[in-house]
Amino acid sequence: MSLFRTCPTTGLQVHRTADRLIQANAVAATVALLIGGVAALLVLLTRWEVVLLLDAGMFYRMLTVHGMNMLIFFIIFFEMAVLYFASAVLLNCRVPAPRTGWIAFALMVIGALMVEWTMWTGRADVLFTSYVPLRAHPLFYLGVILFAVGALTVVGHFFGILTIARREKTYKGSMPLVTFGALTAAAIAAVTLLHGAIIYIPTFLWSLGLMEVDPQMYRLIWWGLGHSSQQINVAAMVSIWYLLGALTVGAVVLNEKVSRTAFVLYVLFISMASAHHLLVDPGMGPAWKIWNTSYFMYMAVLASMLHGFTVPAGVELGMRLRGAAQGLFGWLKRAPWGDPGFSSLAFSIVVFGFVGGITGVTFGTEQINIIAHNTLRIPGHFHATVVSGTAMAFMGITYYVIPLIFRREIAFYPLARIQPYLFALGMLIFSMAMTFAGTFGMPRRHWNASFTGAVFQPEFSPAVNLVMGVMAVGGLIAIAGGAIYIVVTVVSVFFGKKMAADDSGLGAEGRGLPPGITHPPRALVEEDRAALGPSGRLGPVPGTMVLVFIFLAAFITYYFVNWALLSFLWEVG
Amino acid sequence: MYRTGIEPPERIWWKKIDRHEKVWVWIAFAWCMVLFAMMPIWHLRGGQNPSGIRHRVEPADYQARVAEFIQEYQVGTDSGFPVVEPPPGSDVYLQATSFSWIPVLRLQQGAEYVLHLSSLDVNHGFNLYPLNINFQVVPGYDYGLRVVPNEPGEFHIICNEFCGIGHHLMVGKIIVEPADAEQGGDR
Ligand code: HEM
Ligand SMILES: [Cu+2]
């Protein structure tokens with residue numbers, strides 16, 4: 001059997017080892033998602049005061065399980081698959097060191113299993129941040145270290161694949177934007193994992209009683225890992241936005257310079273990311289806080305605002321060039337809303353931007369953090385970024401990875417089509433309700449806001465308790481969406497209808513294949529540009545122009561409302 | 001012609017930006033500068049900043065300081081906790097341990113205090129409820145925040161950093177007396 005296969009849909013030469021590494025990492029990611037999802041359900045039903053499912057000890061244990069499995073194992077395993085895809089597959093390249101690829105994967109699995117064991121046996125009830133001096137079993141820290149070493153190896157491997165692809169000239173011109181984006185994600189990952197090593201190795205030694213770790217120093221360096229890794233997630237997510245746009249509607253890149261510069265901006269200031277979590281900490285002064293929380297004057301925010309324009313603009317222009325040119329939003333009306341890849345893309349952009357992005361920048365403002373730190377506003381924020389944004393994008397691309405890489409049809413395809421709607425709607429309700437409850441001081445990571453048994457009894461207003469109920473309903477809808485995703489992917493991958501080696505799926509009707517595969521966007525020709533005619537006052541992408549100004553208005557409003565809320569408080573300084 | 005993000009572009013992709021795209025780049029940039037400027041501006045003009053007086057402290061020393069503070073200004077007890085009424089303008093010490101805030105504080109509306117926060121064991125979170133004022137309390141560090149209570153009432157301190165299984169029991173109290181009750185002032 002040849003080492004390569006030719007993808008019948010895209011014509012790309014795919015190294016079979018790349019196929020298998022992508023498959024293994026994707027399966028591991030799904031297992032983590034399943035574990036994290038079960039924990040999500042238990043945690044959610046506990047925070048919903050009416051049910052209060054778990055006892056206190058179990059709640060914090062499951063919260064640890066949820067955070068580790070979702071944020072670390074699910075997301076990072078999936079990102080490893082993305083790295084192989086964006087390098088070996090998109091560049092027609094071989095995987096130079098298959099054995100290293102498998103060793104790295106094994107390290108990650110072993111590390112993850114060690115962590116699982118300590119968590120499930122109650123030896124690591126410290127939440128995923130494991131702030132020193134809360135103490136977990138040494139194997140918890142060692143497991144994280146092994147996992148990180150494995151991930152770092154994959155990052156190195158990815159750089160190796162890029163080098164070889166260039167040397168062996170497996171592609172013409174510059175590397176595609178999606179690969180470039182993945183490259184920035186990998187660069188950030190390298191820096192991030194380094195922070196991880198700097199903090200987890202001493203902490204591991206501390207857990208063995210061999211050295212001291214300062215709690216503030218721990219927070220500083222731990223968040224150098226913790227927040228920078230969110231920047232990996234953002235870079236990976238944006239790469240997938242471009243990828244999904246290309247696959248589903250033939251989205252174009254308006255200007256490579258702008259998009260690539262924006263990706264580079266993510267890398268440049270990454271080591272400053274830690275500050276967001278230390279704005280109301282005693283360790284650092286205001287100058288340090290302002291400078292770092294803004295990542296050198298908000299250059300990373302600028303980057304996201306650029307992608308937030310270029311991705312929808314690329315979709316709009318791609319569709320206009322192919323004939324969907326009516327009015328401001330004709331392209332949106334004609335968009336393939338039934339394609340789970342496209343709907344995931346659209347919701348991922350909207351919720352990430354409007355809810356996640358705006359709240360993130362606002363809460364990450366030095367002073368506004370006083371009214372956000374450690375309240376439910378924070379999980380409200382990041383369930384809109386890393387969940388509704390990154391996880392949603394990952395789910396969307398899965399509907400293409402299954403036929404293209406696993407060579408299977410999607411099982412229960414009609415369910416797959418509604419999955420993004422359920423997940424996005426649920427997450428939107430869930431994260432907005434959390435953010436709202438947090439505005440009234442509802443703490444995060446808190447078993448029981450009725451304070452059963454406490455000496456003093458603060459009381460939340462019935463309105464806040466109602467919002468917590470809304471949060472629970474939103475969370476349940478999202479969990480339903482997540483469950484459908486898991487069922488669909490697991491059944492497809494293990495029992496789905498196999499696709500023959502030469503089966504491109506082109507033109508197929510009624511099969512479990514997304515329209516981007518059965519009816520891919522046609523290639524553009526020079527005449528398309530002429531047919532589009534001159535652009536109006538709002539430029540070539542008027543719809544997107546309107547959308548980004550609505551976004552800006554929402555951003556400005558939310559930001560200054562928060563300054564106003566802050567100004568009513570006690571003077572403090 | 002335009003390409004998608006998965007096709008390799010020509011070598012030279014350093015092309016001119018469309019005018020409308022450029023407009024957005026500059027607007028976004030300007031907004032980022034506003035975001036940045038707001039923080040220093042608030043330090044100059046605003047009343048709420050997390051600056052504080054910050055230094056390291058040995059937990060044992062802090063504990064001794066709190067004990068001294070309680071002894072000096074204690075006026076009673078509430079549910080077994082000492083209630084302390086320090087004079088306006090003084091340094092006020094709050095001690096966080098799993099799972100309590102010691103002591104209960106009685107402050108004057110409109111008076112200024114330096115509120116010190118520190119922990120004797122693990123990280124804790126100071127959340128003044130229902131105002132929603134939040135600070136991180138880190139063992140080994142003394143965070144001295146100048147505060148001016150602007151309204152009377154009974155406030156609770158909720159711990160909002162996970163500190164162990166009794167985390168939800170960790171509730172403290174601050175009482176703010178109306179300004180005119182004792183001072184008869186004009187505030
Ligand atoms: C399927 C829907 C999901 C639901 C209903 C859900 C629900 C929750 C709830 C109720 C909390 C606890 C908030 C608190 O008390 O502080 C939480 C925390 C968290 N969730 Fe989720 N979640 C979901 C999916 C995800 C995903 C996909 C990720 C990551 C990619 C994620 C990452 C986290 C993290 C990092 C925390 C914080 C844990 C901590 O504070 O230690 N969640 N989630
Ligand atoms: Cu506490």
Side-chain angles (χ1 to χ4, degrees), chain A residues 56-57 90 127 131 133-134 171-178 215-216 242-243 246 250-258 279-282 286 290 294 297-298 301-302 305 309 366-367 370-371 373-374 441 443 445-448 451 453-456 458 524 526 539 548 566 569-573, chain B residues 1-11 13-15 17-18 20-21 24-25 28-29 32 35-36 39-40 42-43 46-51 54 79 122-123 125 127 129-136 138-141 143 145-150 156 158 160-162 165 168-169 171 173:
Chain A
L90 287 185
L127 304 189
Y131 290 137
L134 285 177
Y171 63 102
K172 286 204 197 68
S174 296
M175 69 174 77
L177 182 59
V178 170
Q216 182 72 75
Y242 285 110
L243 176 59
V252 298
V253 181
L254 264 74
N255 188 294
E256 297 274 354
K257 174 166 63 175
V258 173
L279 292 173
V280 294
D281 270 37
I290 292 179
S294 73
M297 310 208 270
Y298 288 101
V301 174
L302 178 65
M305 287 179 75
F309 174 85
E366 190 203 5
Q367 294 89 348
I370 294 174
I371 52 172
H373 184 70
N374 275 356
R445 298 180 152 182
H446 201 283
W447 171 58
N448 180 325
F451 307 94
V455 196
F456 304 115
L524 291 171
E526 215 40 66
V548 292
L566 181 72
L569 294 182
W570 294 12
E571 265 183 46
V572 51
Chain B
M1 197 56 212
Y2 291 105
R3 282 165 210 274
T4 69
I6 50 178
E7 295 163 289
E10 297 144 33
R11 255 278 126 72
W13 39 262
W14 207 247
K15 298 235 172 73
I17 310 175
D18 169 74
H20 292 83
E21 191 172 8
W24 176 250
V25 173
F29 182 79
C32 289
L35 293 174
F36 186 66
M39 293 186 284
W42 203 264
H43 272 282
Q48 298 78 16
N49 290 288
S51 317
R54 296 158 285 107
S79 322
V122 294
N123 274 272
N127 171 351
Y129 182 81
L131 295 175
N132 199 19
I133 297 179
N134 302 278
F135 289 98
Q136 186 79 18
V138 183
Y141 288 80
Y143 205 172
L145 293 154
R146 195 182 49 80
V147 297
V148 184
N150 63 0
H156 286 107
I158 300 175
N160 67 3
E161 184 59 83
F162 171 66
I165 194 156
H168 65 283
L169 300 173
V171 181
K173 197 169 175 182

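A, B, ... follow the sequence lines: proteins, then strands. Residue 1 opens every chain. Keep in mind it's a predicted model, so treat the numbers as computed, not measured.
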Evaluate the criterion salt bridge (Lys or Arg N to Asp or Glu O under 4.0 Å) for residue pair A/R445 and B/E161; output intermediate values, then yes/no.
-> CA-CA 7 Å; A/R445 298 180 152 182; B/E161 184 59 83; 3.2 Å; yes

First locate atom CD of B/E21, then atom NZ of A/K257, and finally report the distance between them rounded to the nearest 0.5 Å.
-> 9.5 Å

Can you tell which part of B/Y129 gets under 4.5 Å to a heavy atom of chain A, answering side chain, backbone, both or neither?
-> side chain

Tell me, side chain or backbone of B/L131 under 4.5 Å from chain A's heavy atoms, or both, or neither?
-> both

Flag, side chain of A/D281 to backbone of B/Q136, donor-acceptor distance under 3.5 Å | no

Closest approach of A/S174 and B/P8, non-hydrogen atoms and distance?
-> O-CB, 3.0 Å

Select one option (side chain, backbone, both, neither) describing which atoms of A/Y171 are under 4.5 Å from chain B's heavy atoms.
-> side chain

Determine yes or no for a side-chain-to-main-chain donor-acceptor pair under 3.5 angstrom, with B/E10 supplying the side chain and A/G173 the backbone.
-> no

Check B/W24 against A/M305 and note the closest heavy-atom contact, atom names and distance.
-> NE1-O, 3.0 Å

With no hydrogens and no angle check, is any side-chain donor or acceptor of B/N127 less than 3.5 Å from a backbone partner on A/G441?
-> yes

Donor-acceptor under 3.5 Å (B/D18 side chain, A/L254 main chain) = no

Which heavy atom of A/N255 sits nearest a heavy atom of B/I17, and at what distance?
-> ND2-CA, 3.4 Å

ring-ring contact (aromatic ring centres under 6.0 Å, His included) involving B/Y2 - partner list, sequence neighbours excluded | none

May I ask you to decide if A/L569's main-chain N or O and B/Q48's side chain share a donor-acceptor pair within less than 3.5 Å?
-> yes

Got a donor-acceptor contact below 3.5 angstrom from the B/N49 side chain to the A/G573 backbone?
-> no

Quick one: what part of A/V253 sits under 4.5 Å from any heavy atom of chain B, side chain, backbone, both or neither?
-> both

Is there a donor-acceptor contact under 3.5 Å from the side chain of A/W447 to the main chain of B/I165?
-> no

Mind checking ring-ring contact (aromatic ring centres under 6.0 Å, His included) for B/H156 and listing every partner two or more places apart, or none if nothing turns up?
-> none

So CH2 of A/W570 and CD1 of B/I133: to nearest 0.5 Å the spacing works out to 6.0 Å

